[in-house]
Amino acid sequence: MPSRHLLSPPQSHHHSLHLVPPLAGGITAAFSCLLIFLLCFRRFSKKRTAPSASDTDSKKPPHRLSYSLLRRATSNFSPSLRLGQGGFGSVYRADLKPNDTVFTNSNVAVKVMDSGSLQGEREFQNELLLSSKIDCKYVVSVMGFSSDPRKRRMLLVYELMENGSLQDCLFHKKSQELRDWDKRFMVVMHIAKGLEYLHHYCDPPIIHGDIKPSNVLLDLGFNAKIGDFGLARFKVEDNVIAEGEVKKDGVEDNGSVLEETESVITTSVFEEVSNVNHVGDVERSPESVVVRIEASPETVFGVDLSPETEVGPVVSPRTVAGMASPSDGLEKTSVSEGNFDRYSVESGGERSVWKKKKKSVSGKDWWWKQDNGGDGESGKVKDYVMEWMRNEIKKERPKSEWGGASSSSQSVKKTEKKKKKRRQLDWWVSLDDEKNVKKERRRPAREWWKEEYTEELERKKKKKKKQMKGSTSDDCYSEKRCPRDDELYSERRNKRSRSRSRGSRGSMDWWLDGLSGELWKARRNSYDSVSGEIPRSGGISSTPSMRGTVCYIAPEYGGGGDISEKCDVYSFGVLLLVVIAGRRPLQVTGSPMSEFQRANLLSWSRHLARAGKLLDLVDPNIQTLNVEQALLCITVALLCLQKSPTRRPSMKEVVGMLSGDLICPPLPVEYSPSPPSRAYRSHKKVR
Ligand SMILES: Nc1ncnc2c1ncn2[C@@H]1O[C@H](COP(=O)(O)OP(=O)(O)OP(=O)(O)O)[C@@H](O)[C@H]1O
């Protein structure tokens, strides 16, 4: 028995040895089948859930091309082939010979970055790095590049968008096609889908950071694509900082590598921002404000774009995010309290350099400062816009009608004195007080303003009453009275500005409602691609800064606050209004006063919403208007423009609402023509 017992195990072992290979093989095969199936399923489901993703099979990284090839293709960068001028370079049409490249499309656009501009270099690198991650038919694709750091040559090759930018088509060419509502709606949908792709289908998600009409390009069929990723960045989850939170070292971290880098910002017109519209003979709109960061790209980015460097997707998001926002710390800190390594401001040859300070103020503070017209540089945005508007009025005002105040130098001096005194008071009133202003001309504006102002005061009173009753509901659309969006947003601001008198939110504050941005460090002006000129000061629409564009930039982002997709959503809201209204966000046209109330598109649209006249916003040039769609678009835009980022819809929701897949919620109470009566009834009950 023992011998049998002893023999049997080897037998069974031998037997099992025979069984193991097929069994293991079977398991491995089954496992690998399962793995393959899962992978396929994931890919398939990703494609199905991302309808906005490109219909191309795979994204090819941008090709390196030789400088001479691109020079030949653009006839030595002939001015006749120039498509437009951006903040940091010119864009040319290029005709590549089929033998020269691997591109199927021989017509391309070549952007020649200005040499010696650090911001230009930053944008060049950003575009390349992000393009390797983007594969969407609603985004302009970067096909190639040419780079020679020693000669400071940086060129980007894009797919050619035959109809240029949306800005040009809307405001300069006034394209006939865009008079068709369906085309406009299609453009809006494409932009929304492009953003939806960036926010929801990119891995990691990408925040564009500078959505505006000049960064939307149109192809032959007026299909819109989002371009210019110079300010874009990857969303880095672990980098999210709670509202107002300051990191241990006192500096908010936005993934910036520049905080540790000694750099110099040189802004030659910094001082001009607050009070100048004209420099020399050139009419300066806010677009013409320049900021340059001067440092070698190597020290700033730590990236070598030497000819041997391959551009591919081997860059970690973290690195890219850092690279995408190298100026964050620098800007942010310099905006608020001069917390910077070295910040140099040149003005009229004068140059001063500050050393690093330790104290830092959060981005929100910056915004409050802006809004409050607080001291420091940031407060100059409002001053500047006020100044700009005054100049606009003067320009628009015919001398025969308004002459008294401006005809004699004496009266000009008096007006100047008055201006200074009344800057903190009421701007509209100061206008009214100007000598020889015909009563009948000023009355409508004044009455209109009074109406607005009284409404505002009444709303504030009501708000206070409600607060005293202890309304705490956070649901905007619930039956209970809920805090309005701007109530939520301004709660903190009110706390900070207790020192200000209660009624000190003057008409200018109301008028500036929704205007945000960083005028003082706006980057170089982009020229109109058609005229090749600096845009007429008919509007402050395209004022790009290193963090976005005035009027398009979300308030929380402008101050160096946390960047999120909701910043893009806000910019999209502005863009949506611009496309529907066919005008710039800030624009004075025609006779001074009658048009003046409409000058700020954002506050005008809010005013119309409250008055229940949303359709008045629609561009009168639009033919075959689809009223329902137009109303839907305006409603979505207003939802996107809510000051509290959390209340703004996501781009997925925006696409859902615009395409009719999602039901659009009603407008927030502050935009409703009449406050919901039930809300008040419920309060009475509480009483
Ligand atoms: N791929 C393209 N196809 C056709 N035209 C283009 C293309 N890219 C740019 N352009 C034209 O060149 C102009 C300048 O573009 P660019 O991206 O350099 O600057 P911008 O976006 O207008 O300004 P900024 O860079 O200051 O934001 C655009 O307004 C557009 O008219």
Side-chain angles (χ1 to χ4, degrees), residues 70-71 73-96 105 107-115 117 119-120 123-124 126-127 131 139-146 154-175 177-178 187 191 208 210-220 222-232 282-290 522-545 549 552 575 578-579 584:
L70 294 177
R71 197 179 55 190
T74 55
S75 308
N76 205 8
F77 307 108
S78 159
S80 63
L81 292 176
R82 202 177 76 157
L83 292 167
Q85 170 82 48
F88 294 96
S90 303
V91 182
Y92 298 87
R93 187 193 183 97
D95 193 6
L96 294 166
N105 198 346
N107 284 325
V108 291
V110 176
K111 184 169 181 173
V112 186
M113 310 300 292
D114 290 345
S115 60
S117 150
Q119 179 68 8
E123 295 201 1
F124 173 78
N126 224 21
E127 288 260 9
S131 72
V139 174
V140 179
S141 66
V142 181
M143 299 161 75
F145 72 99
S146 171
M154 292 166 294
L155 293 91
L156 286 165
V157 182
Y158 299 97
E159 61 177 305
L160 181 71
M161 300 296 285
E162 288 85 351
N163 275 308
S165 74
L166 177 60
Q167 171 103 352
D168 282 339
C169 290
L170 272 180
F171 305 128
H172 305 297
K173 294 185 209 162
K174 300 205 186 297
S175 305
E177 286 82 353
L178 288 182
V187 166
I191 304 165
H208 186 277
D210 198 15
I211 291 294
K212 57 178 177 177
S214 69
N215 286 339
V216 172
L217 295 163
L218 303 170
D219 71 7
L220 255 186
F222 281 82
N223 296 299
K225 297 190 184 201
I226 299 170
D228 197 348
F229 283 73
L231 298 180
V282 185
E283 190 175 29
R284 294 204 83 114
S285 59
E287 291 93 335
S288 53
V289 181
V290 184
R523 64 181 186 192
R524 202 182 307 179
N525 182 29
S526 38
Y527 291 70
D528 290 346
S529 63
V530 178
S531 61
E533 292 166 359
I534 294 171
R536 216 184 78 80
S537 62
I540 305 184
S541 69
S542 185
T543 310
S545 79
T549 299
Y552 288 92
L575 190 143
V578 167
V579 173
R584 295 178 163 95

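Sequence positions, counted from 1, serve as the residue numbers for this chain. Because only heavy atoms are used, hydrogens play no part in the values below, and waters and symmetry mates are left out as well, while side chains stay in.
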So [Y] and [X], do their side chains get closer than 4.5 Å, heavy atoms only?
X      : Y      : value
Asn107 : Asp95  : yes
Glu123 : Leu231 : yes
Ile191 : Leu166 : yes
Glu127 : Tyr158 : yes
Leu81  : Val110 : no
Phe145 : Phe124 : yes
Tyr552 : Ile211 : no

Candidate pair Val187 and Leu178, rule side chain to side chain contact (heavy atoms under 4.5 Å, CB included), full reasoning: CA-CA 9 Å; Val187 166; Leu178 288 182; 4.2 Å; yes
Sub-3.5 Å donor-acceptor pair from the side chain of [X] to the main-chain atoms of [Y], do we have one?
X      : Y      : result
Asn126 : Ala232 : yes
Ser78  : Ser80  : yes
Gln167 : Pro213 : no
Asn76  : Arg71  : no
Asn163 : Leu220 : yes

To the nearest 0.5 angstrom, please state how far the [atom1] atom of [X] sits from the [atom2] atom of [Y].
X      : Y      : atom1 : atom2 : value
His172 : Leu170 : NE2   : CG    : 9.5 Å
Arg584 : Lys212 : CZ    : NZ    : 12.0 Å
Ser90  : Asp114 : OG    : CG    : 6.5 Å

For [X] and [Y], work out which heavy atoms get closest and say how close.
X      : Y      : value
Glu159 : Val139 : OE2-O, 3.7 Å
Met161 : Asp219 : CE-N, 3.5 Å
Phe222 : Cys169 : CE2-SG, 4.1 Å
Asn215 : Asp210 : ND2-O, 2.8 Å
Thr74  : Ala94  : CG2-CB, 3.6 Å
Tyr92  : Phe77  : CE2-O, 3.5 Å

Val112/Leu70 under side chain to side chain contact (heavy atoms under 4.5 Å, CB included): CA gap, chis, key distance, verdict: CA-CA 10 Å; Val112 186; Leu70 294 177; over 6 Å; no
